[in-house]
Amino acid sequence: MAKFNWRALERKWQKKWAWAKVDETDPDPRRPKYFVTAAYPYPNSPQHIGHARTYTIADANARFHRMRGFNTLYPMGFHYTGTPLYAMAKRLSQNDPEIIETFTKIYGIPAAKLDGLKEPRRMADYFRDDIKKGMIEIGFSVDWRREFTTADRLYNRFIQWHFRWLNQHGFITKGTHPVAWCPNDKNPVGVVDIQGGVEPEIGDSHLVKFESDRTTYPTSTLRPETIFGVTNIWVNPNTRYVKAQIDSEEWVVSREAIETFEHQNHSVRIETELSGTDLLWKEVVNPMTNTAVPVLPADFVEPDNGTGIVMSVPGHAPYDYQALIDLKTRSWTSSQPEDIIRKIEPISIIKLEGFSEFPAADMVKKFEISGQKDPRLAQATKDLYSKEYHNGVMTDNAKPYTGLSVESARQAVIKDLTSSGKMTSIYELLNRPITCRCGTRVVVHVVDNQWFINYGDEEWKKKAHQCLDKMTILPEERRGEFNYTIDWLRERACARKVGLGTRLPWDMDWTIEALSDSVVYMAYYVLAKYLAKEWVIFKKFEKDPQKLPDSFFDYLFLGQGSTEAVSRETGISKRILDSARREFSYFYPVDMRHSAKDLVSNHLSFYIFHHTALFTQDQWPRGIVANGFVLMAGDKMSKSLENIIPLRQAVAKFGADPLRIGTLATAELNQDTDFNETLATTIQDRLIGLISQSRKLRRKMAAKRAYSTLDRWMLSRLNTAIQAATTAMERLRVREVVNIVLYHLENDAAWYQRRLGPKKTKGDARNQVLRQVFDSKARMLAPLAPHVADEMWFTLGNKGLVVRAEWPKPDDRFHDKTAEASESIVKQTLEDTGEILKATGLTAKSITYYAAGQWKLSIYQKALTAAQSDPKRQGEFIKEIMSDPKLRAIGKPAADYAAKSYQQATQMKEELRESRVGVQPNEKKVLEDASDFFRREFRAEIHVSQEGEKEIRDPKGRSRFAEPYRPAIFIE
RNA sequence: GCGGGGGUUGCCAAGCCAGGUCAAAGGCGCAGGGCUCAGGACCCUGUCCCGUAGGGGUUCGUGGGUUCAAAUCCCACCCCCCGCACCA
């Protein structure tokens, strides 16, 4: 086969669609509307086939609704807000080799173009153009008149309105907030700013204040409840310490800790420098137990871990236990250390099932630890901490917390010590060390005056739940995750100091952060059309957006104020204002919002929250689809695996429709789907096949001929397929639709052709029947593979565009129980015959089929009815049957069959019973009609008789085995 | 840890909510046959085990239970994946 020119096919139809403006949607009060949105792309890279899945599902949904008569709007914008673009542009301008390689090698951007991308806006514009081209090339039916970016000045104005509204209505709070921070850049760092791209984890480190001579020795710990087991505290003898005034107290901490305090808003004044050894052998007082414990040396203590001083709990901390052993086995030049160390013994404070009173000792033994620098200590510690936390109980040594679980004891100790001023806490990076791309160690910095959106508000949560409860969530399995997210969301920082975006209207130092400026933008699509260049009236506001007052947005989106007043204030004509307001009321709310599943716990939940705050109930979102990802040949797509195929390259390589189907065909919505080349080529072949078959059926609608049972079977199957595809599409079970159209229906058509035989017999209706099948196929394929569908449609000789045609309607008149029953007899018989031939190894010369006798059919029907209406006891049924004199005359066989058929009927699935009750094809005739077919299949003579016939040829007496739907078979 | 999703016959993947046509759709792979000069494509057949008559046996993460009947319902356990934020 000559290589199929996908590009030509795509161009051809895309041009026609553009010409016919099939994607452009304006309000039409005579038709119901359907509003589809998908999460707009972030243009810091080309899109890949993973992105294609979400947008293809959204597109299929939009196209499906168009075909069902909805005035469907599917718009698209671009999200410029945030730091990644900013960080990438910066890296590029610093000629970072890693990013240059990604851009040139994976994204295929010519090296000459890189210079033009060194400014964030221009990088965004570049990828925006690329993404948009890709979306057009793959055939998404987007109304591009409504395109915008979040860096547009009027969009900024819109977001300012949104945030001012939130602030005025009490949804914004202010506070402090810890962030990962690069002291060199003086900026917060995100994943993209960090070497190796790790995510910084910030946690609380508790500082327990041990004391000596009014000087505080704050020890950092994650387990404050172990304070009862403290035998000493550790400092690192090889480290620099300082005595400093921290806030209003005298503290001794490591040199490194000073920086931490400074970043976390503590006042710091260094007084004297000390070495670790200066601190040794002193005594400090445990603030909980008031006992004095010594300061001892340990090499494992890291100076940048909290304060550089830690408590020693040898009974329960493997590091401490090992460090103590190291000390005890060491030889000393003076006697002072020896005396102190000799006296130290572990204290048991936590009882843990399956361990001795000193679990740390058990772990050290189990892990065969050789010294306090042994790397296995980390794992031993992790294991033990987790076990004690979940299963440990405080012992008598931990009064008054005896008997409490470790978990609750910790809470209690924190509360008690903090309230008495004996403990405080600092933030710490839990996965140290983290290095900024500039080479500087990342620290935790506490940002003052941080602005938050208060998702913790109970009233707000209630409304969000209310909204969610009424929404369609696809797949439904996702709903639990939404409920959980709504419950756990708290205050969320909504502004930061760097990156692109909108300035916070009341505090212009801050830029509204990316997940906060993207929650109500679906409303902006309505406005975006009016802001497009040709609407001169808006151009002046683009130059000076501040001139557009809040009252304009209040009117347009909330319906507040009057047209007259807003018109007076803005100078926009009442006609345009009215029209925009009507357009908003017409399209809003969004009927279905599409995204991948990763946005459930953030964006999609915020989306619900904000809509319930800003809008009245009738404008709350109606549905969300959160689909799974795309895997490349079984692997997650990643830059390091170099298995990312940019979307446009993939379209060029596989064709738009094969790619669309390829990302939808192998898994249901909820599952991650796998894409690979074999799949793509298989789909290509299928689609090409459909086009070439359509060619053969061109204009074959001609004369109406009487339909045979087989024809009616095919049309009945088609009707079933339409029904199934329709329900599947309504639930966006796109994989199933692909299956039905591309495989099930195809198989039925193949069976139909096979039954008819290779030669066209005089006047059979196959072309008309197949023509109908193909018409429907083209329509059902249109949302998924629109180019191929339109090509089929045209090739079949239809007028107009299939993307504008109607989705096929199931029609009960085509549902033909008898035809389906007849065909199932033929299939069953074919199978059984084959099975016998296989089991016996016979070569058939002649095959005789015996249809079941009339009396069996009548018993069978009675059994079906009995089982359906009133599943009485089998005995009664048999009695009833045998009360019929005709049947009684048959005797035992009748009773036996009554028993058997009754059992079959009661155990049958309801739908099957339903389909057979009252339906009784003439089996002998069915088999006779199919005998040509059987002859071809088995290359044998075919005879058909009915059990009980007068002139029956039945040398082996097989006819008595005949049953309804199961003719007896005799092979010679 | 908390929350969510999942474990199906060589691989991928339906079925599970509404138990019975389930040895379990479909695709891929593999084997045989047809077509062809040949290969590819395409078509047919087979692909858990046994079987000279349409049958039987053993299967759906593991172990129990409910039922006439369990991949499907209930209980317990094991394993895998994802999210847990200020980042798009």
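Model, not experiment: these values are computed from the prediction. The chains referred to below are lettered A, B, ... by the order of the sequence lines, with proteins before strands, and numbering in each begins at 1.
- B/A31: Watson-Crick or G-U partner is B/U45, with both key distances under 3.5 Å.
- One C1' atom belongs to B/A88, the other to B/G40, and the distance between them is 46 Å to the nearest Å.
- What separates CG of A/Asp685 from C1' of B/C43 is a distance of 14 Å, to the nearest Å.
- Candidate nucleotides B/G5, B/A85, B/G27 were compared by shortest atom distance to the side chain of A/Arg490, and B/A85 ranks first.
- Comparing B/G27, B/A25, B/A53 by their closest approach to the side chain of A/Phe970 singles out B/A53.
- Across B/C16 and B/G83, the matching P atoms stand 29 Å from one another, rounded to whole Å.
- Here, B/U8 and B/C60 have their P atoms 11 Å apart, quoted to the whole Å.
- With a cut-off of 3.5 Å on both pairing distances, B/G51 has no Watson-Crick or G-U wobble partner at all.
- The separation of B/U36 from B/A70, taken at their C1' atoms, amounts to 50 Å, rounded to a whole angstrom.
- Note on A/Thr83: a side-chain N or O is less than 4.0 Å away from OP1 or OP2 of B/A88.
- Between B/G55 and B/G19, the two P atoms lie 26 Å apart (nearest whole Å).
- Using the six-membered ring where Trp is involved, A/Trp751 and A/Phe933 have ring planes that are perpendicular, over 60° apart on the 30 and 60° scheme.
- Relative ring orientation between A/Phe938 and A/Phe934 is described as parallel, the plane-to-plane angle staying below 30° on a 0-90° scale split at 30° and 60°.
- Here A/Tyr521 and A/His79 keep their ring centres 6.0 angstrom or further from each other.
- Look at A/Glu668 and A/Arg735 and you find a salt bridge, because one of the NZ, NE, NH1 or NH2 atoms lies within 4.0 Å of a carboxylate O, short of that distance.
- Heavy-atom minimum distance, A/Gly662 versus A/Leu679: O-CD2, 3.6 Å.
- Salt-bridge check for A/Arg479 with A/Glu476: passed, with a basic side-chain N closer than 4.0 Å to an acidic carboxylate O.
- A distance of about 16 Å separates the C1' atoms of B/U59 and B/U47, rounded to the whole Å.
- Taking both residues in full, the closest heavy atoms of A/Pro658 and A/Leu687 are given as N-CD1, 3.9 Å, listed atom of the first, atom of the second, then distance.
- Counting only heavy atoms from C-beta on, A/Trp488 has its side chain closest to B/C84 among B/A53, B/C84, B/G27.
- The separation between A/Asn676 atom CG and B/G27 atom C1' is 10 Å, rounded to whole Å.
- Less than 6.0 angstrom separates the ring centroid of A/His610 from the ring centroid of A/Tyr455.
- For the C1' atoms, the distance linking B/C78 with B/G34 amounts to 49 Å, nearest Å.
- Nucleotide B/C16 has no partner under the Watson-Crick or G-U criteria, as no pair reaches both atom distances under 3.5 Å.
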Letter per nucleotide, 5' to 3', of nucleotides 46-52 of chain B [B base touched, S only sugar-phosphate touched, - untouched; heavy atoms, 4.0 Å]: -----BS
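- Taking 4.0 angstrom as the limit, A/Arg966 places a side-chain polar atom (N or O) nearer than this to OP1 or OP2 of B/G55.
- In this structure B/C84 sits in a base pair with B/G1, meeting the Watson-Crick or G-U test at under 3.5 Å.
- In this entry B/A38 has no Watson-Crick or G-U wobble partner, no candidate having both defining distances under 3.5 Å.
- Across all strands shown, B/C60 forms no Watson-Crick or G-U wobble pair with both key distances under 3.5 Å.
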Any N/O pairs under 3.5 Å between the protein and nucleotides 13-17 of chain B? List them or say none.
| from | atom 1 | to | atom 2 | distance (Å) |
| --- | --- | --- | --- | --- |
| B/A14 | OP1 | A/Glu668 | N | 3.2 |
| B/A14 | O2' | A/Arg735 | NH2 | 3.3 |
| B/G15 | OP1 | A/Arg733 | NH2 | 2.8 |

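- Here A/Arg53 contributes atom CZ and A/Ile49 contributes atom CD1; the two are 11.0 Å apart, rounded to the nearest 0.5 Å.
- Under a 3.5 Å cut-off, the side chain of A/Lys461 and the backbone N or O of A/Ile486 do form a donor-acceptor pair.
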